[in-house]
Amino acid sequence: MDYSMLTKKIRKDIFLTAYSASVAHIASAFSIVETMYVLYEQGVLRYNPENPQDPDRDYFILSKGHGSLALYNELSRVGFFDKDVLMSFSKPGSILGGEPCYPNTPGVECSTGSLGHGLSFAVGIAKAKKMDNRKEKVYCLLGDGECEEGSTWEAIMFAHHMKLDNLIVLVDCNKVQKMDTLEAVMGIESIRPHFEAFGCEVFEVDGHDIDSIRECLLKDNNTDKVKVVLLNTVKGKGVSIMENNPKWHWRLPKKKELKYFMSELDISEEEIRVCKELT
Amino acid sequence: MQRAYMSALYELIRKDNRVVSCLSDSGTDYDELIAREFPDRVINFGISENNQVTAAAGMAAVGKIPFVYTTGAFLAYRSYEFIRDDVCMQNRNVKIVGMGSGLSWSTLGATHHATEDLALLKNMPNLTVITPASPKELIAAVNAAYEIDSPVYIRMGMSAEKEIYDGEIDFEIGKNEVIADGEDAIVFVTGSIVSQLLEAKQKLNESGKTIKIVNVHTIAPLNKMAIASEIEKFDKVFSLEEHNVNGGLGSSIADVIAEFGLNKKLTKIGLHTFGTGFGTHSQVLKANKLDSDSIFDLLNANI
């Protein structure tokens, strides 16, 4: 199935939200658009927008909190809050912070953004669910750059030892961090051997191919190992000047750059004008 | 203290299946006894305090009541941001029990001392901070911590702390205990160092001086009103803690004096730098001028 129109629309909405807030980690959100869509709209996560605290829900933790706009966009798409709320992003009185913030936002399970925390939190939930013989699953999305945080490996070591097969670790492998590529900063060409060395069941998919992501996430984990899904992505995916370029980690387009966003995401002059009024 | 903690925890584990003991390879023989009876309720996270703290927050998010236990220095210093972001900021029902308070890891030296932990943790929003003075007070604090649905830091010693109370105690979070009455000065004290103070008090009494001793076991939230009304009655005010004089109980008392506009001089007794020396707890207290003789000398010279 061709999802290109749909994902373009999601990226457009994310961009317009960021643009009206005059701030955001756009590139980090763009690399996980397809993953977030699969989690919330392709039958992977069980959730209940009418009752976000539903005890039967699966848990999703966005450990790479910079990608918050991709999460918020999905939460609004599936009904946790109105789409209008997105335009309040990162503004006074908003329920939507630059980083996910608990308990402000319906559907956000914990505060993240300081890297290297979310996976331990997810591991605690998964362990507690196991103790209670509950069937709910826990999904945690990390950045590949985030894996430089040592606490990630404390959590993985423990999850493996405790046989937390109810934990699914997703890694956004966009291979770029704030200052440069992971290879340039930390000599990491692929994070795969690291997770394998810690005993995880590692899968690798194209993180922009919705069908592949869905197939991988819906596949039963027949082992008692922690399932790790490496999502090969492009940081800033969807706008050519932003793709794979570290300088777009925390940045909005200047006047001359804006035309790339407008033409590649089908954004009109009128939509830009409305955004500017909201800033 | 450790034995008292384990006995209190054992009772809680027995009566409430939500209670979980979270260790970071920090267990003792007592943990093994609990684990023998409740193998699923004692979790060893290995030597990884950050994961231990935040995983406990995750467990609390789904209804568990985790008691996170290891050396206080490792929790307060190494895991400070994890305690802040994942436990306190989100108001998760995690009980953080830091053992080896003050200089009580006396043979191992300053890497194991917890002598600035109150300074770090007393200002943390949502966190109740309790420094029990004796085994009985520790048991009461563990039970009180269990009763409230919010995070608590309990600062406890090791194994040699003395009991200071006869009979039953009436413990309440935020309610200071008057340990002794006197007229010449008031001393606010927190933690097991109160036993050194009681010895110093005896010597003061022998030289004809009496002091009032108030045990401030709850450092946060501090009962400022009660402290202020005590201070008003005395000209000479002291604080005593097995902690740096900056940022701990003494600083809290100084805040009260300033906030209530009380024109009193405060003498803060405690550490002025990292703890020094090795040996028994008593020997290390002496090396750092926090033994009963040193406390007596200081009080006697100033009263």
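Quick note on labels: first sequence line is chain A, next is B, and so on, each numbered from 1. Because the structure is predicted, anything quoted here is derived from the model rather than measured.
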Colleague: Distance under 6.0 Å and angle within 45° of the ring axis: does R92(B) meet both against Y102(A)?
Modeller: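 Relative to the ring axis of Y102(A), which defines the angle, R92(B) lies inside both limits.
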
Colleague: Just checking E50(A): does its CD atom have more than 12 heavy atoms from other residues, nucleotides or ligands closer to it than 6.0 angstrom?
Modeller: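 No - once you tally the heavy atoms of other residues, nucleotides and ligands closer than 6.0 Å, there are 12 at most.
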
Colleague: Can you say whether V53(B) sits under 4.5 Å from chain A via the side chain, the backbone, both, or neither, judging by heavy atoms?
Modeller: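 Looking at V53(B), nothing touches chain A.
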
Colleague: When you look at NZ of K163(A), are more than 12 heavy atoms from neighbouring residues, nucleotides or ligands closer to it than 6.0 Å?
Modeller: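 Open.
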
Colleague: Roughly how far, to the nearest 0.5 Å, is CG of L119(A) from CG of N51(B)?
Modeller: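 Reported value, rounded in 0.5 Å steps: 7.5 Å.
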
Colleague: Does any backbone or side-chain atom of M162(A) lie under 4.5 Å from a heavy atom of chain B? Answer side chain, backbone, both or neither.
Modeller: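 When you check distances to chain B, only side chain atoms of M162(A) fall under 4.5 Å.
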
Colleague: If you measure from SG on C101(A) to CE on M89(B), what distance do you get to the nearest 0.5 Å?
Modeller: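 It is 7.5 Å, given to the nearest 0.5 Å.
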
Colleague: Could you give the distance from CG (D85(B)) to NE2 (H117(A)), rounded to the nearest 0.5 Å?
Modeller: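 D85(B) atom CG to H117(A) atom NE2 measures 5.0 Å (nearest 0.5 Å).
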
Colleague: Heavy atoms, side chains only, cut-off 4.5 Å: are I47(B) and E154(A) in contact?
Modeller: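 They are not in contact (no side-chain heavy atoms under 4.5 Å apart), so the answer is no.
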
Colleague: Are more than 12 heavy atoms, taken from residues, nucleotides or ligands other than K178(A), located less than 6.0 Å from that residue's NZ atom?
Modeller: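 Atom NZ in K178(A) is not packed in, count stays at 12 or less.
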
Colleague: How about V62(B) and Y59(A): do any of their side-chain heavy atoms sit closer than 4.5 Å?
Modeller: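 Touching, per the 4.5 Å side-chain cut-off.
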
Colleague: Inspect the surroundings of CZ in R84(B) and state if more than 12 heavy atoms from other residues, nucleotides or ligands are less than 6.0 Å away.
Modeller: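 No - once you tally the heavy atoms of other residues, nucleotides and ligands closer than 6.0 Å, there are 12 at most.
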
Colleague: Looking at side-chain heavy atoms only, is the closest gap between Q90(B) and P103(A) below 4.5 Å?
Modeller: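 With C-beta onward as the side chain, the pair stays apart.
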
Colleague: Counting heavy-atom pairs closer than 4.5 Å to chain A, which one of A60(B), G63(B), G58(B) comes out on top?
Modeller: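 Looking at each of A60(B), G63(B), G58(B) in turn, G58(B) comes out on top.
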
Colleague: With rounding to the nearest 0.5 Å, note down the distance linking CE in M59(B) to CE in M131(A).
Modeller: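 So the CE of M59(B) and the CE of M131(A) are separated by 4.5 Å.
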
Colleague: As an exercise, state the distance from OG of S114(A) to CG of D86(B), rounded to the nearest 0.5 Å.
Modeller: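 Between atom OG of S114(A) and atom CG of D86(B) there are 8.0 Å.
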
Colleague: Using only heavy-atom distances, determine whether the side chains of S151(A) and N50(B) contain a donor-acceptor pair under 3.5 Å.
Modeller: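 S151(A) vs N50(B): no donor-acceptor pair found between side chains.
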
Colleague: Give, as side chain, backbone, both or neither, the part of A56(B) having an atom under 4.5 angstrom from any heavy atom of chain A.
Modeller: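 A56(B) has no heavy atom closer than 4.5 Å to chain A.
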
Colleague: Would you find more than 12 non-hydrogen atoms of other residues, nucleotides or ligands less than 6.0 Å from R3(B) atom CZ?
Modeller: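 Atom CZ in R3(B) is not crowded, with 12 or fewer foreign heavy atoms closer than 6.0 Å.
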
Colleague: Please report the closest heavy-atom contact between N44(B) and F158(A), naming both atoms and the distance.
Modeller: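 That closest heavy-atom pairing would be O-CE1, 4.0 Å.
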
Colleague: About how many Å separate CZ of R18(B) and CG of D132(A), when rounded to the nearest 0.5 Å?
Modeller: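 Nearest 0.5 Å value for the CG-CZ distance: 11.5 Å.
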
Colleague: Is Q53(A) close to chain B through its backbone or its side chain, or both, or neither, when contacts mean heavy atoms under 4.5 Å?
Modeller: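 For Q53(A), there is no contact with chain B at all, as no heavy atom is under 4.5 Å.
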
